[in-house]
Amino acid sequence: MPELPEVETVRRGLQPVLEGAVVLAVTLARPALRYPFPERFVERLAGRRILGLGRRSKYLLWEIEGGETLLAHLGMSGSFRIEGLGAPGSQTSPGAFALARSRDVRHDHVRFELKGGATVVYNDPRRFGFMDLLPTTDLERHPRLAGLGIEPTSNAFAAATLAAFADRRTPLKAALLDQAVVTGLGNIYVCEALWRAGLDPRRPASVLADQNEAEKLASAIRAVIAEAIEAGGSTLRDHMRTDGTLGYFQHRFAVYNREGEPCQRPGCDGTVLRIRQSGRSTFFCPSCQR
DNA sequence: CGATTAACCTGGAAGC
DNA sequence: TGCTTCCAGGTTAATC
């Protein structure tokens, strides 16, 4: 499910419940998700306080008292939900699950019981997600985090970041999906950002050697990510917030999932096209994306 | 080196 | 009502 905006939405939903909370018990329904759970996962968490909840790219980082960090990735279909919270307005609305992919308790894989009565449940039908637990001091060296590029939400991200592609002939689409230069983008937001920038996804990434194009694309990425976070992410099938409500940025897609529809750019009479690039669908308007 | 493809898994939608 | 095929917000190992 999740690109950066969806993971950030989940982080913001979990933060008020997890930050400062003490883990009473952890229950695993199976020995592995995509990868096995780390050694003594349950024992290393039980009785500990959660100090903070961060995010790097599409990874959630739970800072645990005692110097360890829990790393969680949602894969394609992972979600967290909160149970047992009495606070008004934070209860899961009964109809909410039915709107996203139907939830099945068979896919509840991890339960974190917190002191005070709340339980955080990780559900993941496809099990492409995973969790790891490691000393916080080793975090940057974790194989999954070590190669990640700049966050598009950070002040460090600019047109100059994209100049790294100046000598790359790979298509723009593939370049932006690669997490090594800019990190956090996935299939949806790459398509949307390239449409906003008016760039053809098939163009060689070396087009970004042009300062003008790099500026346009950088601000398109920045804007689409910020707007999507603001909207609580995009719900296609699985993504939901921790209270069970859905993201709504999907209603603002210009091209993603809009094959055959007229291009929304004022003055453009093109039609949204779907093609296949490196095994994934790309949506774009061939008439105004050059 | 760079660039596609297959694989990991389940379930929903579309086609016949 | 089936039964089959395709497709999905990701990542990575294997294969050109």
Side-chain angles (χ1 to χ4, degrees), chain A residues 1-11 29-30 32-36 55-60 71-80 97-109 123-132 142-149 152 164-193 201-202 204-206 224-225 228-229 231-241 246-253 255-260 274-283:
Chain A
M1 132 222 125
E3 303 181 32
L4 189 159
E6 289 74 36
V7 177
E8 176 61 18
T9 298
V10 170
R11 190 195 70 76
R30 54 193 314 128
L33 293 171
R34 168 148 199 184
Y35 307 112
R55 178 189 58 74
R56 171 76 168 114
S57 187
K58 305 169 188 175
Y59 298 84
L60 288 170
L71 185 68
H73 194 284
L74 305 174
M76 288 283 263
S77 59
S79 65
F80 283 100
F97 286 166
L99 293 171
R101 173 181 291 196
S102 62
R103 270 324 93 161
D104 191 327
V105 291
R106 281 181 310 165
H107 301 126
D108 284 352
H109 305 308
N123 181 290
D124 187 355
R126 296 178 71 181
R127 303 201 301 278
F128 286 174
F130 66 89
M131 293 182 192
D132 203 353
H142 191 283
R144 305 309 169 124
L145 300 187
L148 297 178
F165 292 122
D167 57 353
R168 298 268 299 273
R169 268 175 307 177
T170 193
L172 278 171
K173 175 74 184 304
L176 294 180
L177 282 179
D178 182 350
Q179 305 292 299
V181 174
V182 187
T183 192
L185 299 176
N187 211 30
I188 290 178
Y189 300 110
V190 167
C191 291
E192 293 296 315
R202 300 166 295 188
S206 55
V224 76
I225 292 296
I229 290 174
S234 304
T235 299
L236 298 185
R237 295 170 187 78
D238 299 291
H239 169 63
M240 62 170 66
R241 309 192 215 194
L246 309 180
Y248 52 89
F249 191 75
Q250 66 277 11
H251 302 302
R252 292 173 47 192
F253 291 166
V255 287
Y256 191 85
N257 260 354
R258 293 192 179 278
E259 181 184 19
R274 167 154 80 154
I275 61 171
R276 203 133 189 101
Q277 286 183 294
S278 47
R280 324 269 320 259
S281 284
T282 296
F283 299 86

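Every chain is numbered from 1, with letters handed out A, B, ... down the list of sequences.
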Gap in Å between the two P atoms, one belonging to C:dC6 and one to B:dT5, rounded:
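Per the computed distance, 15 Å lies between those P atoms.
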
Identify whether a stacking contact exists between A:Phe128 and C:dT11, where the ring centres must be under 5.5 Å apart and the planes under 30° apart.
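A:Phe128 ring does not meet the centre or angle cut-off for C:dT11; no stack.
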
May I ask you to decide if [Y]'s main-chain N or O and [X]'s side chain share a donor-acceptor pair within less than 3.5 Å?
| X | Y | answer |
| --- | --- | --- |
| A:Arg55 | A:Ser57 | yes |
| A:Ser77 | A:Asp124 | no |
| A:Lys58 | A:Leu185 | yes |
| A:Glu3 | A:Asn187 | yes |
| A:Gln179 | A:Gly149 | no |

Under 4.0 Å between a side-chain N/O of [X] and OP1 or OP2 of [N], yes or no?
| X | N | answer |
| --- | --- | --- |
| A:Arg280 | C:dG10 | yes |
| A:Arg106 | B:dG11 | yes |
| A:Arg126 | B:dA7 | no |
| A:His107 | B:dG11 | yes |

Once you round it to whole Å, what is the distance between [atom2] of [N] and [atom1] of [X]?
| X | N | atom1 | atom2 | result |
| --- | --- | --- | --- | --- |
| A:Glu259 | B:dA13 | CD | P | 18 Å |
| A:Leu177 | B:dG2 | CG | C1' | 16 Å |
| A:Arg169 | B:dA3 | CZ | C1' | 11 Å |
| A:Leu33 | B:dA7 | CG | C1' | 17 Å |
| A:Leu71 | C:dT11 | CG | P | 12 Å |
| A:Asp178 | C:dT11 | CG | P | 11 Å |
| A:His142 | C:dT11 | NE2 | P | 13 Å |
| A:Gln179 | C:dT12 | CD | C1' | 12 Å |

Which nucleotide in the list [options] gets nearest to the side chain of [X]?
| X | options | value |
| --- | --- | --- |
| A:Ser278 | B:dA3, B:dT4, C:dC7 | B:dT4 |
| A:His73 | B:dA3, C:dC7, C:dG10 | C:dG10 |
| A:Ser281 | C:dT11, C:dA8, B:dG2 | C:dA8 |
| A:Tyr59 | C:dC7, C:dT11, C:dG10 | C:dT11 |
| A:Lys58 | B:dG2, C:dT11, C:dC7 | C:dT11 |

Pairwise distance OG1(A:Thr282) to CD(A:Glu259) - rounded to 0.5 angstrom:
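A:Thr282 OG1 to A:Glu259 CD: 11.5 Å, rounded to 0.5 Å.
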
So which one's nearest nucleotide on DNA chain B is more toward 5', A:Arg127 or A:Thr170?
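Its nearest nucleotide lies further toward 5', so the answer is A:Thr170.
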
If you define the side chain from C-beta out and look only at heavy atoms, does anything of A:Phe253 sit under 4.5 Å from A:Cys191?
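With C-beta onward as the side chain, the pair stays apart.
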
Is any side-chain heavy atom of A:Pro152 closer than 4.5 Å to one of A:Leu4?
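Answer yes - side chains close enough.
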
Annotated structure of DNA chain C as dot-bracket, pair cut-off 3.5 Å, Watson-Crick or G-U only, | for inter-strand, is .|||||||.|||||||

